[in-house]
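What follows is a short report on a single structure.
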Amino acid sequence: DRERMVKAWRDMYDVSSQDYASVVQKSLDELAGAIRDRLYPEDIKTNLSKYAKRIEQNITSLDLPEKDRVNWPAMMRSMANYVDARDVHNSGTDTSRTLQNAHTVLHLCIALIIILRDSK
């Protein structure tokens, strides 16, 4: 579903309608989908925070590319922290995404998705 990433890109770079929260949400959702597709295809729902914990616990047995170059557990924990802080949570206490947050999440997710999908 690369259309979600195209929408995230537009939300980031279409100056007339920038939506940083949408960029973060779509990017992280797509990353979770890429992880599910590669490692946990039996999962019906995706959850990036749970995937981060599962990757950390089972890193040696997982089919993750570039393990010698990418610290997958640390990267997934970091990305999961964005999930925990995104402003679409129901609590209403979260802070809004900034340009820098959205830019970082978008481009990191794109890079990780490419690694996950193209290294199979």
Side-chain angles (χ1 to χ4, degrees):
D1 182 13
R2 294 173 193 229
E3 183 61 27
R4 185 180 291 132
M5 290 309 294
V6 171
K7 289 178 181 175
W9 187 272
R10 287 185 189 136
D11 288 342
M12 179 76 207
Y13 292 110
D14 183 356
V15 181
S16 65
S17 62
Q18 287 177 313
D19 184 348
Y20 300 141
S22 177
V23 171
V24 171
Q25 180 178 353
K26 286 179 177 92
S27 300
L28 294 171
D29 287 348
E30 186 66 15
L31 176 59
I35 292 168
R36 180 203 53 216
D37 293 348
R38 179 158 190 125
L39 301 176
Y40 309 107
E42 69 285 351
D43 286 3
I44 295 171
K45 292 185 177 182
T46 61
N47 184 308
L48 195 56
S49 294
K50 287 182 182 177
Y51 288 156
K53 289 176 189 168
R54 288 166 78 178
I55 288 170
E56 189 167 18
Q57 293 169 349
N58 304 304
I59 186 67
T60 56
S61 63
L62 294 174
D63 174 31
L64 282 167
E66 306 288 339
K67 281 192 215 180
D68 57 330
R69 294 181 180 173
V70 177
N71 184 338
W72 286 101
M75 187 63 70
M76 291 302 103
R77 272 192 317 272
S78 176
M79 299 312 287
N81 285 337
Y82 278 103
V83 171
D84 295 338
R86 68 185 177 187
D87 62 351
V88 296
H89 283 208
N90 294 329
S91 68
T93 60
D94 303 306
T95 58
S96 296
R97 299 297 94 207
T98 64
L99 170 64
Q100 185 176 7
N101 291 144
H103 184 266
T104 299
V105 170
L106 175 66
H107 288 278
L108 276 175
C109 285
I110 289 170
L112 292 170
I113 290 166
I114 289 169
I115 292 169
L116 285 166
R117 291 192 172 150
D118 291 343
S119 296
K120 219 169 178 185

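Remember, it's a predicted structure, so these values are computed and weren't measured experimentally.
Taking CZ from Arg10 and OG from Ser16, the interatomic distance works out to 11.5 Å, rounded to the nearest 0.5 Å. Rounding to the nearest 0.5 angstrom, the gap separating the CD atom in Gln25 from the CZ atom in Arg4 is 9.0 Å. Rounding to the nearest 0.5 Å gives a distance of 6.5 Å between CD1 of Ile115 and CD of Glu66.
Shortest non-hydrogen contact noted between Asp63 and Leu39 is O-CD2, 3.6 Å. In plain terms, the two heavy atoms of Val23 and Ala8 that are nearest each other are CG2-O, 3.4 Å.
Residues Arg117 and Glu30 are paired through a salt bridge, judged by an N-O separation under 4.0 Å between the basic side chain and the carboxylate. Salt-bridge check for Arg54 with Asp43: passed, with a basic side-chain N closer than 4.0 Å to an acidic carboxylate O.
One N or O on the side chain of Lys67 and one on the backbone of Ile59 form a donor-acceptor pair closer than 3.5 Å. With hydrogens and angles disregarded, no donor-acceptor distance shorter than 3.5 Å links the side chain of Arg38 to the backbone of Leu64.
Listed by first then second residue, pairs satisfying ring pair (Phe, Tyr, Trp, His ring centres under 6.0 Å) with a partner in residues 14-34 number zero, not counting sequence neighbours. Sorted by first then second residue, the salt bridge (Lys or Arg N to Asp or Glu O under 4.0 Å) pairs that include residues 11-23, not counting sequence neighbours, are Asp11-Lys26. Sorted by first and then second residue, the salt bridge (Lys or Arg N to Asp or Glu O under 4.0 Å) pairs with a member in residues 99-111 form an empty list; sequence neighbours excluded. For the ring pair (Phe, Tyr, Trp, His ring centres under 6.0 Å) condition, no pair includes a residue of residues 55-75, sequence neighbours left out.
At least one side-chain heavy atom of Leu31 sits less than 4.5 Å from a side-chain heavy atom of Leu116.
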Using a 3.5 Å cut-off and no angle test, enumerate the donor-acceptor pairs between side-chain atoms of residues 102-111 and protein atoms at least two apart in sequence or in another chain.
{"residue": "His103", "atom": "NE2", "partner": "Tyr13", "partner atom": "OH", "Å": "3.4"}
{"residue": "Thr104", "atom": "OG1", "partner": "Gln100", "partner atom": "O", "Å": "2.9"}
{"residue": "His107", "atom": "NE2", "partner": "Tyr13", "partner atom": "OH", "Å": "2.7"}

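A search for side-chain hydrogen bond (donor to acceptor under 3.5 Å, both in side chains) contacts involving Asn58 returns nothing, not counting sequence neighbours. The side-chain hydrogen bond (donor to acceptor under 3.5 Å, both in side chains) check on Arg36 picks up nothing, with sequence neighbours excluded. For Tyr51, the ring pair (Phe, Tyr, Trp, His ring centres under 6.0 Å) criterion is met by Tyr40, not counting sequence neighbours. The side-chain hydrogen bond (donor to acceptor under 3.5 Å, both in side chains) test applied to Arg77 returns Glu56, not counting sequence neighbours.
Cluster membership for Ile114 and Ile55, using ILVMFWY side-chain heavy atoms within less than 4.5 angstrom, is shared.
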